[in-house]
Amino acid sequence: MKRKVLGHDLKGIVVQKLADRGVLLTDIAHLVYTMQLPYNPDLTMDTCLSHIEAVLAKREMQHAILIGIELDEMAENKWLSEPLQSIIESDDPLFGCDETLAAGACAGYGSIAFTTFGYLDKQKVGVIQKLDSRPAEEVHTFLDDLIAAIAAAACGRVAHHVRDDEEGQYLKETRVS
Ligand code: MG
């Protein structure tokens with residue numbers, strides 16, 4: 001069977017979908033920068049953006065974003081059947097599938113991603129706060145968690161890559177020639 005997904009620029013589609021829902025990659029980069037600056041004083045926004053790009057290149061993350069945004073949009077258009085329509089539209093705090101989907105998508109990025117996701121989910125900083133205080137007709141039940149997941153995964157990447165670079169530099173400096 002031919003997979004229709006072949007030939008699609010999934011990353012491009014995801015970036016466009018995020019923008020359509022009001023989230024730019026620079027918004028997410030601000031989260032990563034804020035979270036990682038205390039540990040990496042030389043961190044730049046460009047570095048944060050490049051790690052976000054890498055996270056968005058992962059198929060599992062792309063699929064989670066696509067399905068979450070799709071459900072938000074369906075709820076916004078009142079196309080879901082009950083009781084799911086009311087649960088997602090009202091962002092029921094006991095729903096939990098939004099967090100589960102997002103947490104699963106950043107699970108491969110280690111403990112820093114895991115703990116950062118929990119923090120961003122609870123503290124609702126930056127663009128996550130903006131999504132949370134949405135106009136009544138907008139539904140971002142899945143999107144806020146997905147943004148936290150993208151940022152958290154990028155934080156995990158930043159932390160490990162900075163250490164890799166430091167260790168590489170150390171080995172270079174201490175190599176006996
Ligand atoms: Mg949510």
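One-based numbering, in listed order, for ligands and for the atoms of each. Owing to the predicted nature of the structure, the values given are computational and were not obtained by experimental measurement.
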Donor-acceptor check, side chain of D27 to backbone of V23, threshold 3.5 angstrom: yes or no?
no
Look only at the side chain of D144 and the backbone of D132, and say whether a donor-acceptor pair between them is shorter than 3.5 Å.
no
For the Mg ion (ligand 1), the nearest N/O/S atom on D145 is atom OD2
Are H51 and E53 close enough that a side-chain donor and a side-chain acceptor fall under 3.5 Å?
no
Side chains of D20 and Q16: any donor to acceptor distance under 3.5 Å?
yes
Mind checking whether the Mg ion (ligand 1) has an N, O or S of E99 under 2.8 Å?
no
Tell me the angle that OD1 of D144 and OD2 of D98 form around the Mg ion (ligand 1), rounded to 10°.
150°
